[in-house]
Amino acid sequence: MPRRLDWRRDGPRWPHHEHSRFVQAGGLQWHTQWFDGPGAEAPCALLLHGTGASTHSWRALAPLLATRCRVLTLDLPGHAFTGRPAGGMGAPQLSLPGMARAVHGLLRTLDCQPDLVIGHSAGAAIGIRMCLDALIAPRLVVGINAALLPLAGLAGPLFAPAAKLLAATPGVPRLFAWRAREPAVLQRLLQGTGSVLDAEATALYRALVGCPEHAAGALGMMANWDLQTFARDLPRLHTPLLLLAATHDRTVPPAQAHDVLTRLKPPAQARVIELPGLGHLAHEEQPALVASHILAALGEPAPAACA
């Protein structure tokens, strides 16, 4: 079992590998993918994946957005082909504010100022944290099944300590990766999202979860996540916000999106659009539908593929 993904071995089969660039920023080597879009004057869209995913999760959505925008996707620290920060599981770049600063450092290196930020799950929290900390000033933030609030009930207080314990236990990432490579285990993990994925998507997630370095990055991110503080800061958000909430999401309850709206104060412009019948990975299930909602909110006409 390979400990990490290797670009020379795995890169040629990675979606949109021809758009990939490796960039040094903030002490990390980042894997990025850049879609030029219709030209230099087009708005720039930054896409941030969720915990345990990678650029691959945007493989269908990014080209649709690129008909109207310049699009930047990336692997978050410790995920897929981006390096894991020094300092192990307690590295500052694995916390929510730290990851926001790390992504901002990459944007500065690339001289990129996004007009649109699209985050899936935990990626939405990173984008909003960047806005709250005045690191970026986009016209719009879109959260796809955004994970913005602490877990409800008993699981909430127990989640972070449990994640820290797992992350700090030697051998756990390798054990998780070994188990997750079994088709039945992976299938249960994917079914737990409420989404139905095709064979290509399943194979890509198998490559990711079967990699101990990637598993360690995801565990480290979960262990350092503090949504209690983030939830208290949410009322300070003044960036327009669109939350796309899938009704069959088994990971982030769709009701959470409506709860977020009640916490925001004017002059925040925020709204929720529900996605009937889709799960946590809605942007992989129905990328054209998701693209049409995003471009409409940005004021851009949808391409024919989204009609």
Side-chain angles (χ1 to χ4, degrees), residues 26 45-51 74 76-79 85 89-108 112-153 155-164 167 218 220-245 249 251-273 280 297:
L46 170 66
L47 277 56
L48 300 170
H49 66 74
T51 309
L74 53 92
L76 290 172
H79 287 66
M89 294 298 186
Q93 296 99 321
L94 294 179
S95 70
L96 179 48
M99 200 162 283
R101 290 191 297 270
V103 173
H104 177 242
L106 172 65
L107 294 180
R108 290 184 61 184
C112 175
Q113 299 178 10
D115 302 283
L116 168 66
V117 175
I118 303 167
H120 171 243
S121 195
I126 296 170
I128 292 174
R129 184 76 263 173
M130 294 173 75
C131 293
L132 291 169
D133 295 343
L135 301 175
I136 55 173
R139 289 158 47 188
L140 175 69
V141 173
V142 178
I144 304 171
N145 295 320
L148 305 180
L149 300 178
L151 293 173
L158 293 178
F159 175 78
K164 289 181 185 294
M221 185 175 171
M222 290 187 287
N224 287 278
W225 227 234
D226 175 13
L227 287 180
Q228 298 282 355
T229 301
F230 179 75
R232 289 196 295 269
D233 289 344
L234 264 178
R236 295 196 291 106
L237 180 69
H238 298 303
T239 307
L241 176 66
L242 171 64
L243 297 176
L244 302 179
D249 189 349
T251 304
V252 178
Q256 186 182 114
H258 297 280
D259 190 3
V260 167
L261 258 59
T262 67
R263 295 168 182 250
L264 299 177
K265 297 177 180 178
Q269 305 170 41
R271 62 191 177 111
V272 174
I273 296 178
H280 191 60

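Residues take their numbers from the sequence shown, with the count starting at 1. Treat the numbers as computed from the prediction; the structure is a model and nothing was measured.
- Val272 approaches Ala245 most closely through the heavy-atom pair CG1-CB, 4.3 Å.
- Counting heavy atoms from C-beta outward, Arg271 and Leu243 have side chains that stay 4.5 Å or more apart.
- Under the side chain to side chain contact (heavy atoms under 4.5 Å, CB included) criterion, Arg108 pairs with His104, not counting sequence neighbours.
- Between the CD1 atom in Ile273 and the CG atom in Leu242 there is a gap of 5.0 Å [rounded to 0.5 Å].
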Q | side chain to side chain contact (heavy atoms under 4.5 Å, CB included) assessment of Val117 paired with Ile128 | A | CA-CA 9 Å; Val117 175; Ile128 292 174; over 6 Å; no
Q.
As a quick check of understanding, evaluate side chain to side chain contact (heavy atoms under 4.5 Å, CB included) for Thr251 and Asn145, giving each step before the final call.
A. CA-CA 9 Å; Thr251 304; Asn145 295 320; over 6 Å; no
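- Distance check, rounded to the nearest 0.5 Å: CG of Leu116 to CG of Leu140 gives 5.5 Å.
- Side-chain contact check for Leu96 versus Asn224: every heavy-atom pair is 4.5 Å or farther apart.
- Under a 3.5 Å cut-off, the side chain of His120 and the backbone N or O of His280 do form a donor-acceptor pair.
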Q.
Between Leu76 and Val103, is the side chain to side chain contact (heavy atoms under 4.5 Å, CB included) condition met? List the steps.
A. CA-CA 8 Å; Leu76 290 172; Val103 173; 4.1 Å; yes
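- With values rounded to the nearest 0.5 angstrom, Asp226 atom CG is found 7.0 Å from Arg232 atom CZ.
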Can you list, pair by pair, the side-chain donor-acceptor contacts under 3.5 Å of residues 130-139, counting residues two or more places apart and other chains?
residue	atom	partner	partner atom	Å
Asp133	OD1	Arg129	NE	3.3
Asp133	OD1	Arg129	NH2	2.9
Asp133	OD2	Arg129	NE	3.2
Arg139	NH2	Leu298	O	3.1

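- The minimum heavy-atom distance between Phe230 and Ala125, with the atom names listed, is CE1-O, 3.6 Å.
- With a 4.5 Å cut-off on side-chain heavy atoms, Met221 and Ile126 count as touching.
- Between the OG1 atom of Thr51 and the NE2 atom of His79 there is a distance of 5.5 Å, given to the nearest 0.5 Å.
- In this structure Ala231 satisfies the side chain to side chain contact (heavy atoms under 4.5 Å, CB included) test together with Leu149, Pro150, Arg263, sequence neighbours excluded.
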**Q.** Leu241 vs Gln269, side chain to side chain contact (heavy atoms under 4.5 Å, CB included): CA-CA, chis, key distance, verdict
**A.** CA-CA 6 Å; Leu241 176 66; Gln269 305 170 41; over 6 Å; no
